[in-house]
Amino acid sequence: MALPAIMRTTAARLSALYVVLFSVCALILVLYMTSMSERMLTAQTQSTINEEMASLGRAYQRGGLPTLVRLVSIRSRQPGANLYLIADRNGDILAGNVQNLNPSILGNEGWTEVPFAYQSFAENGEAAQQTAADTTSPRDAIALVLRLPNSMTVMVGRDLGEPKRFRTVVQRALMVSLGTMVLAAFLIWLVVGRRALRRIDELSGASRRIIGGDLAQRLPVAGTGDEFDRLSESLNAMIVRIAQLNEGLKQVSDNIAHDLKTPLTRLRNRAEAALADDASPEARREALESTIQGSEQLIRTFNSILMISRLEAGQTTVEPFVPVDLAASVLDVIDLYEPAAEEAGVTLSSAVEAAVSVSGNRELIGQALANLIDNAIKYSRAGEDRKAEVSVSVRKQGEDVVIEVADNGPGIPDAIDRERAKERFVRLDKSRSLPGSGLGLSIARAVMLFHGGRLDLQANNPGLRAAMVFPHPKEAA
Amino acid sequence: MKILVIEDDREAAEYLQKAFSEAGHTVHLAGDGDSGFAFAESGDYDVLVVDRMLPRRDGLSVISGLRAKSVATPVLILSALGEVDDRVTGLRAGGDDYLTKPYAFTELLARVEALDRRSSPREQETVHKVGDLELDRLSHSVRRAGRDIILQPREFRLLEYLMRHAGQVVTRTMLLENVWDYHFDPQTNVIDVHVSRLRGKIEKGFDGPLLHTVRGAGYILKAS
C-alpha cells in the first residue's frame with residue numbers, strides 16, 4: 001500500500017494530527033522547564049558567590065591581606081571548589097585557582113554576567129593530572145569582582161560547566177524523546193492506518209461482490225467485537241434478510257413462471273389445434289371454449305396474486321373495518337359449500353360455540369374461510385377407510401377468537417411443510433395432482449395478517465387443522 | 001336494448017359495440033368522460049357501461065354528475081381496480097353494478113341485461129311465474145303445476161333471483177353476489193351444485209325443464 005493511500009485514511013490523518021499537537025505541547029513544556037531550571041541554577045550560583053565573597057570580606061577585615069590570601073589558598077584546593085583569584089594592581093595573580101584570565105574581566109568591578117573563558121590552575125600535581133583536560137581548554141564561568149581599598153582585586157566565580165551540561169543533557173533527552181515519539185507515532189499510525197484501511201477494503205470488497213449478486217457473501221468479522229465487527233454483523237444481518245426476501249421473490253417468480261407458463265402453453269396448444277385444417281367444427285368449438293376457460297383461470301390466478309401482494313403490503317384501503325359476525329360468516333360459507341361437500345362425499349359440520357364479532361372485512365374473511373373449507377373438502381376426500389369429514393368451529397380461546405377448519409385427510413405431517421404450505425404457489429408434492437392454484441392458503445394467510453391475526457396450521461391426527469386466529473377482538477356486538 | 005358505452009380504449013369499445021350488436025342491442029360509443037356525460041344526459045339509454053378511468057372526466061364523476069341531475073339510467077362500472085373498497089366506492093358513486101377487467105363478455109352481457117330497466121318492475125312483484133312454476137315472496141311458497149315444493153331458505157332465495165331474471169342469462173358470480181352477498185370467485189363448482197339441487201327439486205317429477213345451463217356463461221330460467 002502506498003503512503004499517499006494511507007494518508008487518505010481517517011485513522012492516519014487523526015494520528016498525524018495527534019503527533020503534531022503532542023510534539024508541540026511537549027516542546028513547549030520542555031523549553032519552559034529547562035529555562036526555569038537554568039534560571040534557578042544561575043540564581044543559586046550567584047547567591048553562593050555572594051556568600052563566598054562576604055565570607056572573604058569578613059576574613060580580610062579580620063586579618064588583612066595575609067588572612068585573605070591564606071583562606072583563598074585553602075578554599076582553592078578543596079575539591080569542586082569555586083573559582084578564586086586575588087590580583088595586585090598590576091593584574092598579577094597573588095593567589096587562586098584561575099589562570100589565563102582575560103584581564104578586562106578583572107577591570108570591571110561587580111558581576112561578570114557574560115560567561116567567560118578561563119583555565120583552572122592546579123596547585124598540586126595530583127589535581128593537575130586529574131584535571132589535565134580542564135587545564136588545557138578554556139571553560140565558561142561567571143564571577144563577581146571586587147576591588148579592595150589597596151587597589152587589589154578579589155574575584156569569586158563559579159564554573160558554568162554543570163548547568164551547561166544539564167542543559168545539554170535535557171536538550172539531548174528532548175531531542176531523543178521527540179524523535180522516538182515521532183517515530184513511534186509514525187509506526188502506530190502506519191499499523192492503525194493500514195489495519196483500518198485493510199478492514200475497510202475488505203468490507204468494500206465484500207460489498208462489491210454482494211452488489212455483484214453473490215448474496216452468499218458475508219462481510220468479514222474479525223471476532224474482536226470492535227466497531228468494524230459490529231458494523232459487519234449488522235450488515236450481515238441485513239444481507240441475510242435481503243437474501244431471504246430475494247429467495248422468496250425468486251421462488252415466487254419461479255412459481256409464476258411454472259404456474260402461469262404451463263396454462264399459457266396449454267392455451268396456445270389448444271388454439272393451434274383449433275386452427276388445424278383437419279379439426280372438426282365441434283372440436284374447434286370445444287378448443288375455443290376450453291381456451292376461454294383456461295384464460296379465465298389465468299385471470300383468477302393473477303387476481304389472487306395481486307390481492308395477496310396488496311394485502312401483504314397493506315396497500316388496501318378497505319373501508320373502515322366494521323363489526324363482522326363470525327358465526328354468521330361461518331354459517332354463510334358452510335351453507336355455500338355444504339352441497340358441494342355432500343356431492344364429494346364429505347360430511348361438513350359446524351360447531352359455533354361463541355357468538356362473536358370481530359372488527360374486519362366480511363368479504364375478505366369470507367374468502368379466506370372459503371379457501372380453507374375448499375381445501376379441507378378437497379383433501380379430506382383422500383381419507384381411506386374412514387368417512388371424510390370436515391368440521392368448522394368458532395370458539396374463544398383465551399383472548400383470541402378462532403375459526404378452525406379441521407379435516408381428516410392425509411394432512412401435512414411435517415411442521416416445516418405446514419409452514420411452507422402457506423407460501424405463495426407452494427403446492428406440496430402430494431397435492432400437485434389435485435386441481436388448485438396453490439394460492440388458497442396464501443390468500444387466507446394474507447387476509448389474516450391484514451386483520452392483525454394469523455393463520456395456524458396444525459396436525460389433526462389424522463388430517464389438518466387450519467385456524468384463523470383473530471387476537472383480542474373488539475366486542476362489537 | 002339501447003346501451004351507451006363510455007370507454008376510452010378504442011379497441012375495447014369497438015369490440016363491445018360489435019358483441020352487444022350481435023346480442024341484439026343498439027350501442028353508442030363515447031370516448032371520454034365529457035362527451036359520455038353529454039350523451040348520457042340527453043339520450044334515452046337503457047343501460048350505461050362506464051369505464052372507471054376516463055380522459056377529461058373520471059368515470060365516477062360522470063356517474064355522480066348524472067345522479068345529481070336525476071338521470072336514473074342503470075350504470076355498470078368497468079374497472080381495472082378490483083379491490084373490495086374500489087367496488088364499494090364505485091357503487092356509492094351511484095353505480096348499479098361493478099365488473100373488473102379483464103372480464104368475459106358473457107358475464108358483461110348477462111349483467112347488462114339484468115340491469116335493463118324494462119325488467120325492473122319485476123322487483124316489485126310479489127308473485128313470480130315462469131311457465132307452470134309459481135313463487136310467492138310473501139308466503140314464501142313455491143308451487144309447480146299445483147303441487148307444493150319445499151325449499152330450504154337459501155334455495156328459495158336462489159330461485160327467487162332466477163325467477164326475477166327469468167329469460168335472462170344469470171352467471172355464477174351474479175348468483176354468488178346476489179344470493180350469498182360474496183364477491184369473490186368460488187374456486188370450485190359450489191354454485192353449480194346448488195343450482196343442480198334446485199333443479200332436482202323443481203324439475204323432478206314435472207313436465208319439461210325450466211332451469212337451463214348456458215355453456216360458458218351460466219344459467220337461464222325459462223319455460224320451454
Side-chain angles (χ1 to χ4, degrees), chain A residues 285-286 288-293 295-304 306-307 310-311 315-320 322 328-329 331-344 361-371 373-375 377-378 434-437 439-440 443 447 450, chain B residues 19 79-92 98-108 151-158 171-173 175-201 213-218:
Chain A
R285 189 179 171 75
E286 208 170 284
L288 284 176
E289 275 173 1
S290 68
T291 305
I292 289 171
Q293 267 174 22
S295 53
E296 274 171 0
Q297 185 56 47
L298 273 174
I299 289 165
R300 229 172 256 154
T301 306
F302 265 121
N303 284 340
S304 300
L306 275 177
M307 183 180 173
R310 296 214 187 133
L311 284 176
Q315 278 171 355
T316 304
T317 50
V318 173
E319 293 282 291
V322 291
S329 288
L331 294 179
D332 271 353
V333 180
I334 283 184
D335 175 272
L336 179 63
Y337 274 88
E338 201 274 322
E342 197 184 307
E343 190 165 82
N361 182 286
R362 175 184 170 273
E363 190 78 35
L364 292 175
I365 293 173
Q367 170 147 30
L369 185 57
N371 288 351
I373 292 179
D374 194 85
N375 269 353
I377 292 174
K378 206 155 59 186
L434 288 168
S437 62
L439 289 172
I443 290 176
V447 166
F450 188 71
Chain B
S79 171
L81 306 171
E83 295 288 297
V84 178
D85 48 336
D86 295 329
R87 180 188 299 274
V88 171
T89 47
L91 298 184
R92 195 167 284 164
Y98 196 98
L99 194 56
T100 309
K101 291 178 179 179
Y103 50 83
F105 180 72
T106 48
E107 182 77 39
L108 177 63
L151 294 182
Q152 301 292 322
R154 191 71 68 175
E155 289 166 342
F156 184 86
R157 278 165 66 186
L158 183 58
T171 65
R172 291 170 182 81
T173 22
L175 288 175
L176 185 64
E177 282 177 26
N178 290 286
V179 180
W180 281 271
D181 192 24
Y182 278 119
H183 295 84
F184 57 80
D185 241 324
Q187 301 276 330
T188 39
N189 59 344
V190 280
I191 303 293
D192 295 332
V193 186
H194 277 279
V195 171
S196 70
R197 270 196 181 186
L198 177 65
R199 180 183 282 144
K201 288 195 175 174
T213 302
V214 183
R215 275 190 75 178

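Here is the naming used below: chain letters follow the sequence lines, and residue numbers restart at 1 for every chain. Worth saying up front: this structure is predicted, and the values here are computed from it rather than measured.
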task: To the nearest 0.5 angstrom, please state how far the CZ atom of F184(B) sits from the CG atom of L176(B).
output: 5.5 Å

- prompt: Distance from Q367(A) atom CD to S329(A) atom OG, nearest 0.5 Å?
  reply: 13.0 Å

- prompt: Got more than 12 heavy atoms from elsewhere within 6.0 Å of CD, E177(B)?
  reply: yes

query: Is any side-chain N of the basic residue among R154(B) and E338(A) closer than 4.0 Å to the acidic one's carboxylate O?
result: no

statement: Turns out that what part of Q293(A) lies under 4.5 Å from chain B's heavy atoms comes down to neither

message: Under 4.5 Å from any heavy atom of chain B, what part of I299(A) do you find: side chain, backbone, both or neither?
response: side chain

- prompt: Counting heavy-atom pairs under 4.5 Å to chain B, which of S295(A), G366(A), A370(A), A341(A) comes out on top?
  reply: G366(A)

